Novice: 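One structure is given below, represented as structure tokens, and several questions about it will come after.
Because the structure is predicted, anything quoted here is derived from the model rather than measured. Each residue takes its place number in the sequence, starting with 1.
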Amino acid sequence: MVLPLVNLCAKEVVSDHSSSPGWLGCVPRELYRPLLEAAFTNCRPLAVGELVQRWPERTLRAGGRRQGQSPPNRLCVQALLLAVVRGLSDKRCALQVLDLCGLQCEEGGVGDPMGGWSLTVALSTMVVQARAAAQKALGREGERERKRVLAMERERDVVKRERGGGLEEGEGGGLLVESVRKQKEETSGCLREDQQVKGVRRRMEMERRKESAAVAGGKGEADSEVDSEVVVCVRADLFVNARSWERVRAALGTTGPLKLQCRYVRVEELSVSSIGSLLDLLPRHVLLGVDIRYSCLGVAGLALLLPQLSMFPMLSSLRLHYCNLDIRRDMAGQEGAMKDMSQGLGKLSQLRRLSLTALRLPGHLRMLLSSFPQPLQVLELPYLSLTPADLSYLSCSPHASSLQQLDLSENRLDELALPSVRRLLSQASSCLMQLSLSGCGLTDGLLAAMLPSLSCCWGLKSLGLALNPLSLAGLLDLVRTAVRMPSLRQLLYPNPLEDYQPGLPPMPSSAQLLDWPLDELVEVHEATSLQLDRVVMESGRSDLLLTCDLLNYNKDLVEQ
């Protein structure tokens, strides 16, 4: 990739920190962005801090990495956060919105990036410390102002005593007393006003708000939630678990110069009451998605949370992973709780993405999905033990013709389910872009019957079929079909049965295919790869990626 000239120059400028005093004072505001990107890319935390502390624009977006772009180094992120706090008292800094959404990545990645949990803890600590520093500064300023007022009063008392002897009781003395009283009132009024306005940044911010209110006559609905104490709104994706919960709660409940707002929140191993308390603290008009994992909710617990989720008008994504709903018909009140949960889901009017992983809900898909007022665009149902009746409903539901992403991994697909799956693919053929059928028990015969329906999905970009018991002949048929699909960019294929060591059962499960060792002979794997590569080369499809690597496969890397 050829870098533009401005990016190359920015890299050279930030590489030498000793030269920063020379260029920081004269660099135009248009170059702050490329300089900051160069500082992130080349891991220059000192340059990051100096640029952010005097950021000349109202908004700074440091998240949302482009494809192929490495996440920022942990030291650079920490320098950014410290600079935001220092910029609160720097009159050169105009920052009002810090957008860190999408900045975090998985813990322990290459290049020492900052993971979601670490970033959440760092942000919460920054908000709480900024509030404490503001209160301390306010106390010092108030104490200085109190001493100044006392000194002025003592001076007026001295003047009064010196002049009082020469004034007779009457008009002159009364005028002096009245003048002193008015000066005291004016001084007290100035003290109260100065206590409400903290520092240069606060006064500038309030003046800008008064001017904009006079010109525009008001602000949007989202801005109405920002109270007068806030100088910078910090937007981020939060990762909350039992270890970070107390710190996050303190940060969200703190009023001060920094206000923490959440776009997507991921919750792990929290009780229903703690999740409810967290939702009460989140701003209403900012939250877009909720991801709850490894929390023992139960049907009744989820039914209690859904009314709170309906209070977020922009909520478009709900993910529930391993939350142990555990539907059992013999439990008293279970059906009533299911109806409450269905009604609660129906109130999420803006929901477009629903992910339910390993929730033990066989036979209940109609009750869950029929309540939505709008069709879903993303539906992820792995490990859900779907029945043929569930698939039959899904293929005829209003969601089928709107699905852009569908994940049915680890749901057993047999001859009874095959007609419903084919009908579902036919309904979604015009819009489906990502499909995962990994670990579904697809044999050569089942896949051959499904391939015509797959080939009709002309917009499909990513297809996952790992851990299915296919022979080499069935795999070659799959690849021949894939190369004729013009939009397909990624194919996650299964290792053929011939590549495994002897001893596999005739119909191995996905767990057995995952644990069973592959043949150690290199020639076996090379022969398979050569045959697949030959099919791709003969088709002229250089833009199609074939992989059997489950660990490094990522369907989200496909450009939308």
Side-chain angles (χ1 to χ4, degrees), residues 65-71 73-74 102-118 237 239 266 268 291 293-294 319 321-322 355 357-358 378 380-384 405-411 433-442 447 460-470 472 474-475 478-479 482 488-501 504 508-533 536 543-560:
R65 300 186 304 276
R66 296 184 294 272
Q67 181 177 350
Q69 186 179 12
S70 301
N73 181 274
R74 183 185 300 267
L103 178 65
Q104 74 280 359
C105 61
E106 294 298 326
E107 300 280 358
V110 179
D112 192 26
M114 181 169 281
W117 185 86
S118 300
D237 303 329
F239 178 14
R266 175 175 167 180
E268 286 190 4
D291 186 346
R293 304 187 180 198
Y294 313 113
R319 297 183 175 187
H321 298 278
Y322 299 94
S355 179
T357 302
V378 179
E380 298 173 329
L381 305 172
Y383 295 96
L384 216 61
Q405 300 179 33
L406 177 63
D407 187 352
L408 299 178
S409 299
E410 298 298 335
N411 290 285
M433 292 187 290
Q434 295 182 10
L435 174 64
S436 179
L437 298 175
S438 297
C440 291
L442 295 175
L447 182 62
L460 195 63
K461 297 183 178 181
S462 174
L463 176 60
L465 288 168
L467 301 178
N468 283 298
L470 296 182
L472 179 58
L475 178 58
L478 170 63
V479 176
L488 194 64
R489 295 293 178 267
Q490 285 192 115
L491 173 62
L492 176 64
Y493 66 87
N495 294 104
L497 297 177
E498 290 85 347
D499 285 6
Y500 289 89
Q501 292 185 7
L504 269 176
S509 65
S510 61
Q512 290 171 328
L513 292 173
L514 184 62
D515 296 335
W516 204 270
L518 293 170
D519 200 316
E520 296 180 354
L521 295 177
V522 179
E523 294 82 2
V524 175
H525 305 294
E526 288 183 348
T528 300
S529 298
L530 286 174
Q531 295 188 59
L532 297 181
D533 292 341
V536 176
D543 58 344
L544 176 59
L545 172 65
L546 302 184
T547 179
C548 60
D549 189 352
L550 278 168
L551 296 178
N552 296 320
Y553 172 75
N554 185 359
K555 64 179 182 298
D556 295 327
L557 291 180
V558 178
E559 294 184 2
Q560 299 296 323

Novice: Give a yes or no on whether the backbone of Leu518 and the side-chain of Asp499 come within a donor-acceptor separation of less than 3.5 Å.
Specialist: no
Novice: Quick one: closest heavy-atom pair of Leu467 and Glu410, and the distance?
Specialist: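 Nearest heavy atoms, Leu467 then Glu410: CD1-OE2, 4.3 Å.
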Novice: In the structure I gave you, are the side-chain heavy atoms of Leu513 and Leu504 within less than 4.5 Å of one another anywhere?
Specialist: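 Side chain of Leu513 against side chain of Leu504, heavy atoms only: contact under 4.5 Å found.
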Novice: Looking only at non-hydrogen atoms, find the nearest pair between Leu497 and Pro508 and report the distance.
Specialist: CD2-CG, 4.2 Å
Novice: Search all heavy atoms of Leu492 against all heavy atoms of Ser438 and return the closest pair with its distance.
Specialist: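 For Leu492 and Ser438, the tightest heavy-atom pair comes out as CD2-OG, 4.3 Å.
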Novice: Show the nearest heavy-atom pair for residues Leu550 and Ala466, with the distance to one decimal.
Specialist: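 So the two residues come closest at CD2-CB, 3.7 Å.
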Novice: To the nearest 0.5 Å, how far apart are CG in Leu384 and CG in Leu408?
Specialist: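 Those atoms lie 9.5 Å apart.
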Novice: Side chains of Leu478 and Leu465: closer than 4.5 Å at any heavy-atom pair?
Specialist: yes
Novice: Donor-acceptor pair, Asp407 side chain versus Ser355 backbone, under 3.5 Å?
Specialist: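 No, the answer is negative, given that no donor and acceptor are paired below the 3.5 Å cut-off.
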Novice: If you look at every heavy atom in Asn411 and Tyr383, which pair is closest and at what distance?
Specialist: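 Taking every non-hydrogen atom into account, ND2-N, 4.0 Å.
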Novice: Is there a side-chain contact between Asp291 and Arg293 in this structure, where contact means two heavy atoms from C-beta onward sitting under 4.5 Å apart?
Specialist: yes
Novice: Quickly, which of Ser436, Cys440, Ser409 forms a side-chain contact (heavy atoms from CB on, under 4.5 Å) with Pro382? Name it, please.
Specialist: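 The option that passes is Ser409.
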Novice: Look at the rings of Tyr294 and Tyr322 and say which category their plane angle falls in: under 30° parallel, 30 to 60° tilted, over 60° perpendicular.
Specialist: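 It falls in the parallel class, under 30°.
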Novice: Please lay out, stage by stage, how Asn468 and Leu447 fare under the test side-chain contact (heavy atoms from CB on, under 4.5 Å).
Specialist: CA-CA 10 Å; Asn468 283 298; Leu447 182 62; over 6 Å; no
Novice: Let me confirm one number: the CG-CG distance from Leu491 to Leu544, rounded to the nearest 0.5 Å.
Specialist: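 CG of Leu544 is found 6.5 Å from CG of Leu491.
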Novice: Do side-chain atoms of Asp519 reach the backbone of Glu498 as a donor and acceptor pair under 3.5 angstrom?
Specialist: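 No, because the side chain of Asp519 does not come within donor-acceptor range (under 3.5 Å) of the backbone of Glu498.
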Novice: Taking the side chain as C-beta and beyond, is there a heavy-atom pair between Leu545 and Arg489 under 4.5 Å?
Specialist: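 The answer is no, as the side chains (C-beta and beyond) never meet within the 4.5 Å cut-off.
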Novice: Would you kindly say whether Gln434 and Ser462 are connected by a side-chain donor-acceptor distance under 3.5 Å?
Specialist: no
Novice: Considering non-hydrogen atoms only, spot the tightest contact between Cys548 and Asn495 and give its length.
Specialist: SG-ND2, 3.8 Å
Novice: Can you measure from CD (Glu380) to CZ (Arg319) and round to the nearest 0.5 angstrom?
Specialist: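 If I round to the nearest 0.5 Å, the distance is 5.5 Å.
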